Amino acid sequence: MSIADLEASVSGAIDTGKFDVVTAVTLLQKYNVKGATHNVDLIVRMLVSCIATFNKNEVDLILAQLPAVVEKASPSIEKVLAAENALQSGQFVQFWTQWSEVQTLVK
């Protein structure tokens with residue numbers, strides 16, 4: 001599958017609530033292998049989808065495929081990760097405050 005096909009597949013899966021981490025990781029690997037520009041908006045949607053279902057393992061799989069330069073260059077990704085960190089560390093008030101902001105990133 002091409003990168004565009006994978007992006008459409010991942011986006012459609014997120015839209016229908018049937019996020020598939022295997023397809024998402026395949027897309028991220030293609031970005032890396034082909035040297036293609038990462039679709040940060042779609043990556044944010046992937047991360048938000050995982051966090052919304054409390055799936056830490058999927059968040060970790062996605063992050064493992066992201067080059068640090070992409071992760072650090074995107075304020076949106078950093079905001080999502082800050083919210084995820086607050087959730088994982090039991091800082092629920094902080095999480096819900098950040099979560100409200102994160103949700104505006106994907107609309």
Side-chain angles (χ1 to χ4, degrees):
M1 290 182 95
S2 71
I3 287 177
D5 291 340
L6 286 168
E7 286 176 335
S9 178
V10 170
S11 183
I14 291 169
D15 291 343
T16 61
K18 297 178 181 178
F19 178 72
D20 173 25
V21 74
V22 174
T23 304
V25 168
T26 301
L27 171 61
L28 294 171
Q29 289 173 339
K30 278 231 181 192
Y31 286 146
N32 295 337
V33 169
K34 301 262 186 194
T37 301
H38 290 68
N39 181 335
V40 173
D41 292 337
L42 184 55
I43 293 168
V44 168
R45 290 182 65 214
M46 288 183 222
L47 291 168
V48 169
S49 180
C50 296
I51 293 169
T53 59
F54 302 103
N55 201 324
K56 173 77 170 131
N57 293 334
E58 290 183 358
V59 171
D60 290 343
L61 280 170
I62 291 169
L63 292 177
Q65 301 303 316
L66 281 182
V69 67
V70 172
E71 186 179 326
K72 300 293 182 201
S74 170
S76 298
I77 291 175
E78 288 184 342
K79 287 178 184 177
V80 172
L81 296 180
E84 194 268 340
N85 185 52
L87 177 63
Q88 294 302 322
S89 61
Q91 299 171 350
F92 301 117
V93 172
Q94 181 179 353
F95 167 75
W96 287 113
T97 300
Q98 292 172 323
W99 186 248
S100 296
E101 185 179 338
V102 163
Q103 288 183 310
T104 65
L105 299 173
V106 294
K107 293 184 179 182

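Residue numbers start at 1 and run along the sequence shown. On a predicted model such as this, the values are computed, not experimentally measured, just so you know.
Side chain of S89 to main chain of N85: a donor-acceptor pair is present (N/O by atom type, distance under 3.5 Å, no hydrogens or angles). Although no hydrogens or angles enter the test, the distance criterion places no donor-acceptor pair under 3.5 Å between the side chain of S11 and the main chain of E7. Looking only at distances, no side-chain donor or acceptor of S9 sits under 3.5 Å from a matching main-chain atom of D5.
Heavy atoms only, all atoms of each residue included: L87 and F95 are closest at CB-CD1, 3.5 Å. Closest approach of V59 and C50 over heavy atoms only: CG2-CB, 3.5 Å.
Between D41 and R45, no side-chain nitrogen of the basic residue sits less than 4.0 Å from a carboxylate oxygen of the acidic one, so the salt-bridge criterion is not met.
In this structure, the separation between CG on L66 and CG on L28 is 5.5 Å, given to the nearest 0.5 Å. To the nearest 0.5 Å, atoms OG1 (T26) and OH (Y31) are separated by 12.0 Å. Taking CH2 of W99 as the start and CD1 of I51 as the end, the distance is 5.5 Å to the nearest 0.5 Å. Separating the CD1 atom in I62 from the OG atom in S49 is a distance of 8.0 Å, to the nearest 0.5 Å. The OG atom of S74 sits 8.0 Å away from atom CD1 of I43, with the distance rounded to the nearest 0.5 Å.
Using a 4.5 Å heavy-atom cutoff, the side chains of V44 and V102 are not in contact. Inter-residue side-chain proximity for M46 and L27 is flagged as met; some heavy-atom pair is nearer than 4.5 Å. Considering only heavy atoms from C-beta on, Q98 stays 4.5 Å or farther from K79 through its side chain. Between L47 and E84, every side-chain heavy-atom pair lies at or beyond the 4.5 Å cut-off. Put simply, the side chain of L42 reaches to within 4.5 Å of the side chain of I14, judged on heavy atoms. P67 is listed as a side-chain neighbour of H38, based on a closest heavy-atom distance under 4.5 Å.
Within the structure, salt bridge (charged side-chain N to carboxylate O under 4.0 Å, His left out) pairs that include any residue of residues 16-37 do not occur (at least two apart or interchain).
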